[in-house]
K.L.:
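Got a structure for you, written out below as structure tokens; questions coming shortly.
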Amino acid sequence: MSATPAPAPLPRHFYDRPTLEVARDLLGCHLIVDDGEERLIGRITETEAYLGFMDTACHSSNGRTPRTEVMFGPPGHAYVYIIYGIYDMLNLVTEAVGEPCAVLIRAIEPVQGEETMIARRNGKRGRDMLNGPGKMTRAMAITKTAHNRLDLCSGEGLWIEPGTPVSDDDIILGPRIGIDYAEPEHRDAPWRLRIATPQLRRQLEKKARQGNRAEE
DNA sequence: CTCCGGATTGACT
DNA sequence: GTCAATCCGGAGG
């Protein structure tokens, strides 16, 4: 039996950059959770950038509160909050102290520990297992209680490692999800980033055709 | 496949 | 009191 590899988390300066760049470079990276019993690994396939004060979709644009405090601190920490009473959302804090920005991790694909993920998702497997931010945290057992404010560069509990790089041609940009309350310029901004799979390309082409039809 | 309503509770007005 | 960076199941096409 082989020993578990030592954690090799991405360093803090990875997160200390413009948030859109971080969101882009996180695609293809490995998200790792280690509870001391088992190490789970997922490859990041979808992210959203939240750009701080100026972004009316970003929680921190309403000011500094106990909940958003961690976003105002140093980069490379986890911001985990609960939405709709029941779902934990994982964000990675970016940019310098005083710039309250973050990247939401929306979807992964399994790399290691898939059977545990399936069990935590109540037997759900395949396409619908990890394709949403609440599904992903449920499968990985990421919670506000256990992981909010955690240092992602310590290699303890939760961190990111390099994975398989993604070329610019394989990234699809689109508007972010679930932020209808934001100002139009932020609501419609293409700050949702996804790795393009053949299935996703087909799906979007189909949608575009329907849209064109409605125009006439 | 798409559309629609209910679940459930912390955070903030 | 209202709302939220969501998910799921059921109804209809």
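Chain identifiers are assigned alphabetically (A, B, ...) following the order of the sequence lines, protein sequences preceding nucleic acid strands; residue numbering begins at 1 within each chain.
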K.L.:
Measuring from atom CZ of Arg176(A) to atom CG of Asp188(A), what distance do you get when rounded to the nearest 0.5 angstrom?
P.N.:
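Nearest 0.5 Å value for the CZ-CG distance: 10.0 Å.
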K.L.:
Only Watson-Crick and G-U wobble pairs with both distances less than 3.5 Å should count. Give DNA chain B in dot-bracket notation, marking inter-strand partners with |.
P.N.:
|||||||.||||.
K.L.:
Could you report the tightest heavy-atom contact between Pro5(A) and Arg39(A), atom names first, then the distance?
P.N.:
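Closest pair (atom of Pro5(A), atom of Arg39(A), distance): O-NH1, 2.8 Å.
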K.L.:
Once you round to the nearest 0.5 Å, how far does CG of Leu90(A) lie from CE of Met140(A)?
P.N.:
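The CE atom of Met140(A) is 9.0 Å from CG of Leu90(A), to the nearest 0.5 Å.
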K.L.:
State, yes or no, whether a side-chain contact exists between Pro175(A) and Arg187(A) at a heavy-atom distance under 4.5 Å.
P.N.:
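Side chain of Pro175(A) against side chain of Arg187(A), heavy atoms only: no contact under 4.5 Å found.
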K.L.:
I'd like to know whether CZ of Arg43(A) has more than 12 heavy-atom contacts from other residues, nucleotides or ligands below 6.0 angstrom.
P.N.:
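Check passes, neighbour count above 12.
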K.L.:
Taking all non-hydrogen atoms of both residues, which atom of Tyr15(A) and which atom of Val22(A) are closest, and how far apart?
P.N.:
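Answer, listing the atom of Tyr15(A) first, then Val22(A): O-CG2, 4.0 Å.
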K.L.:
Do Thr68(A) and His59(A) have side-chain atoms, one donor and one acceptor, less than 3.5 Å apart?
P.N.:
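No pair is found: no donor N or O on one side chain lies under 3.5 Å from an acceptor on the other.
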K.L.:
What pair of heavy atoms forms the shortest contact from Tyr79(A) to Met71(A), and how long is it?
P.N.:
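Heavy atoms only, the tightest pair is CE2-CE, 3.5 Å.
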K.L.:
When we call it a touch if two heavy atoms are under 4.0 Å apart, what does Arg176(A) touch: a base, just sugar-phosphate, or nothing?
P.N.:
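No contact.
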K.L.:
I need the minimum non-hydrogen distance between Asn148(A) and Val80(A), along with the two atoms involved.
P.N.:
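So the two residues come closest at OD1-N, 2.9 Å.
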K.L.:
Backbone N or O of Tyr50(A) within a donor-acceptor pair of the Asp55(A) side chain at under 3.5 Å?
P.N.:
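The answer is no, because no donor-acceptor pair under 3.5 Å joins these two groups.
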K.L.:
A quick test of your reading: do over 12 heavy atoms of other residues, nucleotides or ligands sit less than 6.0 Å from CZ of Arg201(A)?
P.N.:
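More than 12 within 6.0 Å, yes.
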K.L.:
Indicate, with a heavy-atom threshold strictly under 4.0 Å, whether Arg192(A) touches base, sugar-phosphate, or nothing.
P.N.:
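No contact.
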K.L.:
Which residues within residues 130-153 of chain A lie with some heavy atom under 4.0 Å of an atom in DNA chain C?
P.N.:
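Only Gly132(A), Pro133(A), Gly134(A), Lys135(A) qualify.
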K.L.:
Inspect the surroundings of CG in Asp128(A) and state if more than 12 heavy atoms from other residues, nucleotides or ligands are less than 6.0 Å away.
P.N.:
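Buried by this count: over 12 neighbours within 6.0 Å.
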K.L.:
Quick check: closest heavy atoms across Pro133(A) and Met89(A), and the distance to 0.1 Å?
P.N.:
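Pro133(A) and Met89(A) have their closest heavy atoms at CB-SD, 3.6 Å.
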K.L.:
Could you check which residues of residues 77-93 of chain A get a heavy atom under 4.0 Å from DNA chain B? Sort them by number, please.
P.N.:
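Heavy-atom cutoff 4.0 Å gives Tyr84(A), Gly85(A), Ile86(A).
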K.L.:
Could you check which residues of residues 46-61 of chain A get a heavy atom under 4.0 Å from DNA chain C? Sort them by number, please.
P.N.:
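Contacts with DNA chain C under 4.0 Å: Tyr50(A), Ala57(A), His59(A).
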K.L.:
With a 4.0 angstrom cut-off to heavy atoms of chain A, pull out the first and last contacting nucleotide of DNA chain C, in 5'-to-3' order.
P.N.:
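Span of nucleotides near chain A: dA4(C) to dC8(C).
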K.L.:
For Phe14(A), give me all partners under ring pair (Phe, Tyr, Trp, His ring centres under 6.0 Å), at least two apart in sequence or on another chain.
P.N.:
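Not a single residue meets the ring pair (Phe, Tyr, Trp, His ring centres under 6.0 Å) criterion with Phe14(A).
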K.L.:
Does the pair Thr94(A) and Thr19(A) meet the rule for a side-chain hydrogen bond (donor to acceptor under 3.5 Å, both in side chains), with working shown?
P.N.:
CA-CA 6 Å; Thr94(A) 59; Thr19(A) 303; 2.7 Å; yes
